[in-house]
Structure formats: structure tokens, C-alpha cells
Amino acid sequence: MLDPFGRTVSYLRVSVTDRCDLRCVYCMAEDMTFLPKAEVLSLEELDRLCGTFIGLGVEKIRLTGGEPLVRRDVMRLVRSLGERLGPGGLRELTLTTNGTQLAKHAEGLFAAGVRRINVSIDTLDPAKFNAITRWGKLEQVLDGVFAAKAAGLAVKINAVALKDVNEHEYDTMLAWCGEHGFDLTLIETMPMGEIGEDRTDQYLPLSLVRQRLSKQWTLTDTDYATGGPARYMRVEETGQRLGFITPMTHNFCESCNRVRLTCTGTLYMCLGQDDAADLRRPLRDPSVDEDGLRRAVLEAIGRKPKGHDFIIDRASRPAVARHMSVTGG
Ligand code: SAM
Ligand code: SF4
């Protein structure tokens, strides 16, 4: 699948639910209203749609959410997508999770063919973790992370860089990740959805973080790429990687290879734009066959925009009205 700017689309992120068992302050308001079940695609519908994308050249699928592991029976979808791994099909099936349910599912994920996962942990301080996630217990998440490691999954920790909240902890987190063999990616906050707080108070540019970390650590640029937007450095002291996702300070759109499917079958061609295509209608229309569904997908890819225009300042509303939990980051 080629978009109008010559970029090959080979990566599909699928938000399998908009629900979550946490309420991270930068992601959701505490009193979120979730979608009625009838609007949400069944696991079979999600599987079929993923199959259509794979048939069109998608090689990597990441399940996300909301929290993917809180969707009932989600492992059924993981297993059926796992069966699509292999020549002519998927090269990678992976997942981004908050880790709360990971202890239960780590072995099943590995058995289904998942080899790498991202776990979001913004701080290693239990009280702060609880404050950021509103409802989370760090200990439960760490149990999940170590269960994943024991099951053979490579773990990357994702942390959102939050001014005054975790900004002085990246040293500790780098050391901890080094000790346990995890990579670490830091993410700048993006202005998505009303969260009941002022985002200018949260935004911390990663260029500043790099300057600070360089005082303690030897960070060497690498050309390592996972097909994602992160730029990776090698942390010479630990041998692990440190990634930066910098939508605000660095435009990562020129190499964008992905599109995002929500749990209602809406396809967003860009994380930072509102244009979308409704794939649920053709999916549920008995008169539309597989060819028709493919045409609907290709028509949407033909509208993939050049890039986003995120801005964070006090006067602006969120760049897009939907929350990150709709498309899963
Ligand atoms: N619940 C899962 C989790 O937390 O990993 C998957 C979905 S979550 C929306 C995916 C990633 O987006 C998480 O790493 C989260 O920290 C990040 N995220 C959420 N809201 C964000 C925002 N406004 N700006 C930047 N990253 C955000
Ligand atoms: Fe839930 Fe993930 Fe959003 Fe936190 S970042 S509220 S865990 S979806």
C-alpha cells in the first residue's frame, strides 16, 4: 500500500478496546464515558479486518487500546493473529500494555508468537505511579513485567516525559532498565483530547532531557529502527537502548509507515489529524465482499495526510479532540 507521498504503509496499530483499568492523567479524564458495546467490533470482525490489511501488505500489527488486555477473550484474537505470522503474512505481532494484566497473559502471548512488548511505566516510585495513573499499583505492573521477561518476551518500557512529575527520574529508570535488560523509550506528551488539565504544565521537550542525561551517560546515536517513530541511542554503560519519540520537537512524519484502526472499525490515517474512514460499514454490509473491503481500505490510504500539526500552548485546544485511548498511541 503506497500513500500519496510515496510512503509504504506496512504497520497497523489496532486499538481493541477504548476501556482501561487505569486513568493516566495525560491520557484520560477520570470520568470517561466509554463506547456502547454495539459500536465495538467483535473479535472476529477485528480478525477479519486485520486479515484484509495483511492481504494488502501489512507486516506488523500492534494491539493497543485503551488497555488491550482488559478486553474479554482478547487472547483469542492474539492467537488467531499469531497464526498469520510467517512468510507472506505478518512479520511481527506485538502489544502495548499498561502491564496490569500481564502476569496472567505473558506465557499465552509468547505461545501465540508475540516476541516483544511495550509496557508503559512512567515512574518507579509507587506513590507517584499511583498519582499518575490515578488507580494503578506499581507492584502489580512490575509483577507483570517480570512475568513477561520470564516467559521470554523482550520488554521495552515506555515512559511519557512529564515536567515536574517524572523529569528527574530518567537516570534511575535507565539504570533499572539496564539492570534488567529492558530498553527504554521516552515520549513527549501530545495534545490529544480534553483531560481536564493544562498540558503546557506537562510538556517537557526531550532535547532538554538528552542534554541532562548526557552528563551521566554515554549516549551514542544508532540507526536501529523498529518501524516505529522512535530514534534510538545506545546507552554505552548498560548496553541497552534509549529511544526518544519527539512529535513536538522533531517532525517524525516523513517516514510514517502506519495507520490506526479503532475498536469501532474507524481507520485514522494520522495520529494527529481528524480525517478517518469508516470500515465498519463495509465490514458489516453483506453486499460488500473482500474486494470491496480492500477497496475501502485503499481509498482511505489514498487520503493519508502528509503529517500532523501538534502545538501545545495555553491558548490552543487539543490538536485532535479524541483521546489517545481511542487510537492507542
Ligand atoms: N493502555 C496501554 C498503555 O498504557 O500502554 C496502551 C494504550 S496507551 C494510550 C499507549 C501509549 O500512549 C502509552 O505509552 C501512554 O503512556 C501513551 N500516551 C497516552 N496519552 C498520551 C499523550 N497525550 N501524549 C503522549 N503519550 C500518551
Ligand atoms: Fe489506560 Fe494506557 Fe491511557 Fe493509561 S495510557 S489511561 S493505561 S490507555
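Treat the numbers as computed from the prediction; the structure is a model and nothing was measured. Counting convention: from 1, in listed order, for ligands and their atoms alike.
Residues Asp18 and Cys263 come closest through the heavy atom pair N-SG, 3.8 Å. In terms of heavy-atom proximity, Glu45 sits nearest to Val40 at OE1-O, 4.4 Å.
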Practice item. Report the C-alpha separation of Val141 and Thr100 in whole Å, then their side-chain angles, then the decisive distance to 0.1 Å, and conclude whether the side-chain contact (heavy atoms from CB on, under 4.5 Å) test is met. Key: CA-CA 5 Å; Val141 171; Thr100 61; 4.0 Å; yes
Practice item. Could you walk me through whether Glu92 and Arg62 pass the side-chain contact (heavy atoms from CB on, under 4.5 Å) test, one step at a time? Key: CA-CA 8 Å; Glu92 182 167 37; Arg62 177 178 296 278; 5.9 Å; no
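Taking backbone and side-chain atoms together, Cys27 has no N/O/S atom less than 2.8 Å away from atom 4 (Fe) of ligand 2.
Using 4.0 Å as the threshold, Met28 has no heavy atom nearer than that to any atom of ligand 1. Not a single heavy atom of Gly65 lies less than 4.0 angstrom from ligand 2.
Set against the non-hydrogen atoms of Val160, the atoms of ligand 1 under 4.0 Å away are 16 (O), 26 (N). Using a 4.0 Å cut-off to heavy atoms of Thr64, the atoms of ligand 1 that qualify are 6 (C), 7 (C). Residue contact check: Gly66 has heavy atoms under 4.0 Å from atoms 1 (N), 2 (C), 6 (C), 7 (C) of ligand 1. Those atoms of ligand 2 that come under 4.0 Å of a heavy atom in Cys24, given as number and element, are 4 (Fe), 5 (S), 6 (S), 7 (S). Taking every non-hydrogen atom of Thr189 and a distance limit under 4.0 Å, the qualifying atoms of ligand 1 come out as 24 (N), 25 (C). Close approach of ligand 1 to Asn98 (heavy-atom distance below 4.0 Å) involves ligand atoms 2 (C), 3 (C), 4 (O), 5 (O). Using a 4.0 Å cut-off to heavy atoms of Cys27, the atoms of ligand 1 that qualify are 19 (C), 20 (N). Per-residue contacts place Thr97 under 4.0 angstrom from the following atoms of ligand 1 (heavy atoms of the residue considered): 2 (C), 3 (C), 5 (O). Contact atoms of ligand 2 toward Gly66: 8 (S) (distance under 4.0 Å to a heavy atom of the residue).
In the model, Gln101 has a side-chain atom that pairs as donor or acceptor with a side-chain atom of Asp21 under 3.5 Å. A donor-acceptor contact under 3.5 angstrom links the side chains of Thr220 and Glu236, judged on distance only. Judged by distance alone, the side chains of Thr264 and Glu39 never bring a donor and an acceptor atom under 3.5 Å apart.
Taking the six-membered ring where the residue is Trp, Phe182 and Phe146 present tilted rings, their angle falling between 30° and 60°.
For atom 2 (Fe) of ligand 2, the closest non-hydrogen atom on the protein side is Cys20 SG, 4.4 Å.
Not one N or O of Cys20 is nearer than 3.5 Å to an N or O of ligand 1, by distance alone. The N/O atoms of Ile187, backbone and side chain alike, include none that comes under 3.5 Å of an N/O atom in ligand 1. Polar contact check, Glu67 against ligand 1: a nitrogen or oxygen pair lies under 3.5 Å apart. For ligand 1, one of its N or O atoms has an N or O atom of Tyr26 under 3.5 Å away.
A cation-pi arrangement is present between Arg241 and Tyr224, with the terminal nitrogen or guanidinium carbon under 6.0 Å from the aromatic centre and inside a 45° cone about the axis.
The option with the heavy atom closest to atom 8 (S) of ligand 1, from among Ser15, Gly65, Ala161, is Gly65.
A salt bridge between Arg48 and Glu44 is absent, with no side-chain N of the basic residue lying under 4.0 Å from a carboxylate O of the acidic one. A salt bridge links Asp221 with Arg210: the closest approach of a Lys/Arg side-chain nitrogen to an acidic carboxylate oxygen falls below 4.0 angstrom. Between Arg7 and Glu254 no salt bridge is recorded (no basic side-chain N to carboxylate O distance below 4.0 Å).
Heavy atoms of Thr96 found under 4.0 angstrom from ligand 1 belong to the backbone as well as the side chain.
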